[in-house]
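Just so you know, ligand 1 is whichever comes first in the structure, and atom 1 is the first atom listed for that ligand. Values reported hereafter were calculated over all heavy atoms of this structure, with side chains retained and with hydrogens, waters and symmetry mates removed. Along the sequence shown, residues are numbered consecutively beginning with 1.
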Amino acid sequence: MIRVSQPLVGEEELAKLSEVVMSGFVSPGRMVKDFEKKFADYCGAEYCVATNSGTAALHTALESLGLGEGDEVITTPFSFVSTGDAIRYCGAKPVFVDIDSRTYNINPELIEGAITDRAKAVLPVHLYGLPANMPEINRVAEKHGLRVVEDACQAHGAEIQGKRMGSLSDLACFSFYATKNMTTGKGGAVITNDKGLYEACKLFAHQGSSKKNEFVELGFNYGMSELSAAMGLAQLEKLDSFNEKRINNARVLTKGLKGFVKTPFVPEGFRHVFHQYVIQVDDREVFREKMRREGVQTLVHYPTPIHEQPSYNINEEFPVSEACSERVVSLPVHPGLSDDDLGKIVSAVISCLE
Ligand SMILES: *Cc1c(COP(=O)(O)O)cnc(C)c1O
């Protein structure tokens, strides 16, 4: 079976992990600091707070803006549920705005219509590894005095006009879960250029403590572990080559599938890092079953938009998100695929469409 995701870990990760294990110092320390510095550098930003998940990173980033009861954050319903959950953790309300059917990302033209005087921030998601339209989002946010927090959990190394995700907003959040473009097993990070926000994030993610035995506010135990950071350092070295492989795999898939199905769209000047390679089909369950029989796994990201989840149950309509959620299918695009695998995926898709 050709799987949709396959973490590539090996000797380099093992070497870094054994460095930690053999040193006897397994509590968060040198590796975490080193990882924070290197990941901030990678994103083209000043500061990084490493966390134990992407969800924790989102909660930490939003909390650092002082969000609370009555505040609203504008976001997309077509994402992993954490995007909305993190807003709710702060006591704030997610205000959903529909997506652009070509990019699957929040439609910047619809943001202005959703802004009330309670709006405090916009939380775009770079879905599947394609950056949201940050220049437009930043323009609207600035006009209305809103902060911008990126959910970059699928977009490590993605760029707009050569600028990496993490360098184009107030705060950006990453995930290093096992299936992401780079992994620490589980993990996350908040990136910012603002020293004040950095200090606030650091405090919040470390139990509200800046000094041993002194807790100045109520925080969470969200810090990254030393072992995760060791994995992260080894994975970060490989991220560029992983992404190049993903981009190249996507190019091969699109070349083979164009004209047969709706293939991913990449706007001019955007670097899509293909966390997922997503097509659209009419009869999805039949298609997926046929693919399974051809030996190719497929997944659906995401079959239910956030506003329709039972934990939200918001009675509003977002027609583009709803239509996409019924038609999208993710094909394998990960860096472990061989040329043979890619050929097999293309012919399987073409034959399973019939
Ligand atoms: C993975 C992901 C998250 C959550 O990250 P975890 O590390 O699993 O907590 C949030 N948003 C998006 C878009 C994601 O893909």
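- The existence of a salt bridge linking K120 and D170 is excluded, since no basic side-chain nitrogen approaches an acidic carboxylate oxygen closer than 4.0 Å.
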Ligand 1: protein N/O within less than 3.5 Å of ligand N/O:
{"unit_1": "ligand 1", "atom_1": "5 (O)", "unit_2": "S175", "atom_2": "OG", "d": "3.3"}
{"unit_1": "ligand 1", "atom_1": "7 (O)", "unit_2": "G54", "atom_2": "N", "d": "2.7"}
{"unit_1": "ligand 1", "atom_1": "7 (O)", "unit_2": "S175", "atom_2": "OG", "d": "2.7"}
{"unit_1": "ligand 1", "atom_1": "9 (O)", "unit_2": "G54", "atom_2": "N", "d": "3.3"}
{"unit_1": "ligand 1", "atom_1": "9 (O)", "unit_2": "T55", "atom_2": "N", "d": "2.9"}
{"unit_1": "ligand 1", "atom_1": "9 (O)", "unit_2": "T55", "atom_2": "OG1", "d": "2.5"}
{"unit_1": "ligand 1", "atom_1": "11 (N)", "unit_2": "D151", "atom_2": "OD1", "d": "3.4"}
{"unit_1": "ligand 1", "atom_1": "11 (N)", "unit_2": "D151", "atom_2": "OD2", "d": "2.8"}
{"unit_1": "ligand 1", "atom_1": "15 (O)", "unit_2": "Q154", "atom_2": "NE2", "d": "2.8"}
{"unit_1": "ligand 1", "atom_1": "15 (O)", "unit_2": "K180", "atom_2": "NZ", "d": "2.6"}

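- Salt bridge present: R327 and D282 bring a charged side-chain N and a carboxylate O closer than 4.0 Å.
- For R251, there are no salt bridge (Lys or Arg N to Asp or Glu O under 4.0 Å) partners, not counting sequence neighbours.
- Looking at residues two or more places apart in sequence or on another chain, you find no salt bridge (Lys or Arg N to Asp or Glu O under 4.0 Å) involving E308.
- Taking 4.0 Å as the cut-off between side-chain N and carboxylate O, E13 and K16 do not count as a salt-bridged pair.
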Throw together a table of side-chain donor-acceptor distances under 3.5 angstrom for residues 345-354, partners on residues two or more places apart or in other chains.
{"unit_1": "S347", "atom_1": "OG", "unit_2": "G343", "atom_2": "O", "d": "2.9"}
{"unit_1": "S351", "atom_1": "OG", "unit_2": "S347", "atom_2": "O", "d": "3.3"}
{"unit_1": "S351", "atom_1": "OG", "unit_2": "A348", "atom_2": "O", "d": "3.2"}

